[in-house]
Amino acid sequence: MKEINELDLPDDVLYSEDHEWARLEGEIVRVGISDYAQDRLGDITFIEVPEVGDNLDLGEEFGTLESTKAVSEMLMPVGGEILAVNTALEESPDLLNHEPYGAGWILEVKPSDPDELEALMDREAYAEMLKGMD
Amino acid sequence: MAVVNAGMGAPISAHLTKNLQGRDARVTDLTGALGKLDLQGPHAANVIAQVLKSPEIVLAKLPYFSFKGHYDTQSSSDDVMLNDGTPVLISRTGYTGEFGFEIFMSVDRLVRVWENILSAGEELGAIACGLAARDSLRAGAVLPLSHQDIGPWPFINHPWHFALPFDAEQKRFTKSFLGDIVLKMREQAEHTCAFVGNDPRKVSIQEPAVVLDSAGSDIGVVTTCVADLAIGRDGDTIYSIASPDRPEGFKPRGLCCGFVRVKSKLPMGETVKLKDTRRTINVRIADDIRPHRTARRPLKEFI
């Protein structure tokens, strides 16, 4: 497992306490899991995601990640309508391990309340939270 | 030598001692004195050859489930030791279903042997594997875990169907014989069966997950559920990364597999549901899971 100072924590995304990230791109929010999450889960083998068009609330479970070590739920970092899911993950779930902020993105959401993003953490705050966990 | 699951040395030693009943035998629990490491995989012979003093002697005529050497300095053979003089017992066995060795030595030599083997195998890709990797391999190889998957109830089948006086439906005996009562009881008892799923999704055995039949009735519990990542489906056929007939470009996604303990014997191929608090998955009862395993293949194919 990576040390906290070895984690890739880009500053163009916001982080949730449950280790999802959210990146505002125009009027939509792209969602994935953090480098910390993928590192702790280990090799990810399967992902379950919602249907395009589903409406989910902030904090609601939107899918599960299956890894060689565990099964983990993913929670919405912002509520809204699912506009797209990354279908490449069906065949290549390892993208979540190798490119968690790029090709391993999971969802695109049209937020019902963009102000919910303000409750998420920036890079520094998230790194500080992680230091308190390990 | 009986190699038992971690933590079971004392209870099994006590059980054997209790049942000596005057026989000319002695039971010694070696738990604290004996170290063991497993070297498994297609390069196992080439790696172990680098640390053996006389690899050409040790690796000659060493078929599956045979062994050579001794872990005790006083009983050891000059032929079966490592380059550094460590006496070892080398066994063509393992708990993965794949080609490899179990290596036994005095526990005070274990760390040094571990480091030497990892170093010698670095160029061939030798890596340390954790319990989860071992667990997925042994489940795919249909190897149950003692006191988890198997216990005082039947595992799949006894091997005597061809010889016993079954009726046409193979359910009752047509005449009495010594031991028929026990076998009848076994047929009605709980059974352990292996299963394989359709993708890597697992259920938790901690909750525990239950087994449901086609009518939705609770018929048992899940005792092992892991994902064997070396296998995948192409239609109804399961291939492994070692399958010579695997489809071109085959990239396994992994399949969930393991064992269930059910109230009565289930036919091979029967579909059941495994349900935990998170999900319900369909799996099939199977008599084999990961095809083309390498454990029994001749050693000469791997050198």
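Lettering of chains follows the sequences in order, A, B, ..., and the numbering in each one begins at 1.
From T68(A), atom OG1 reaches atom NZ of K202(B) across 7.0 Å, with rounding to the nearest 0.5 Å.
Surrounding CD of E73(A) are more than 12 heavy atoms belonging to other residues, nucleotides or ligands, all under 6.0 Å away. No more than 12 heavy atoms of other residues, nucleotides or ligands shown are found within 6.0 angstrom of CD on E51(A). Around the CD atom of E17(A), the shell of radius 6.0 Å holds no more than 12 heavy atoms that belong to other residues, nucleotides or ligands. Other residues, nucleotides and ligands contribute more than 12 heavy atoms inside 6.0 Å of the CD atom of E6(A).
Between E91(A) and K251(B) there is no salt bridge, since none of the side-chain N atoms of the basic residue sits less than 4.0 Å from a carboxylate O of the acidic one. Between R279(B) and E66(A) a salt bridge is recorded (basic side-chain N to carboxylate O distance below 4.0 Å).
The backbone N or O of V71(A) lies less than 3.5 Å from no partner atom in the side chain of R201(B), so there is not a single donor-acceptor pair.
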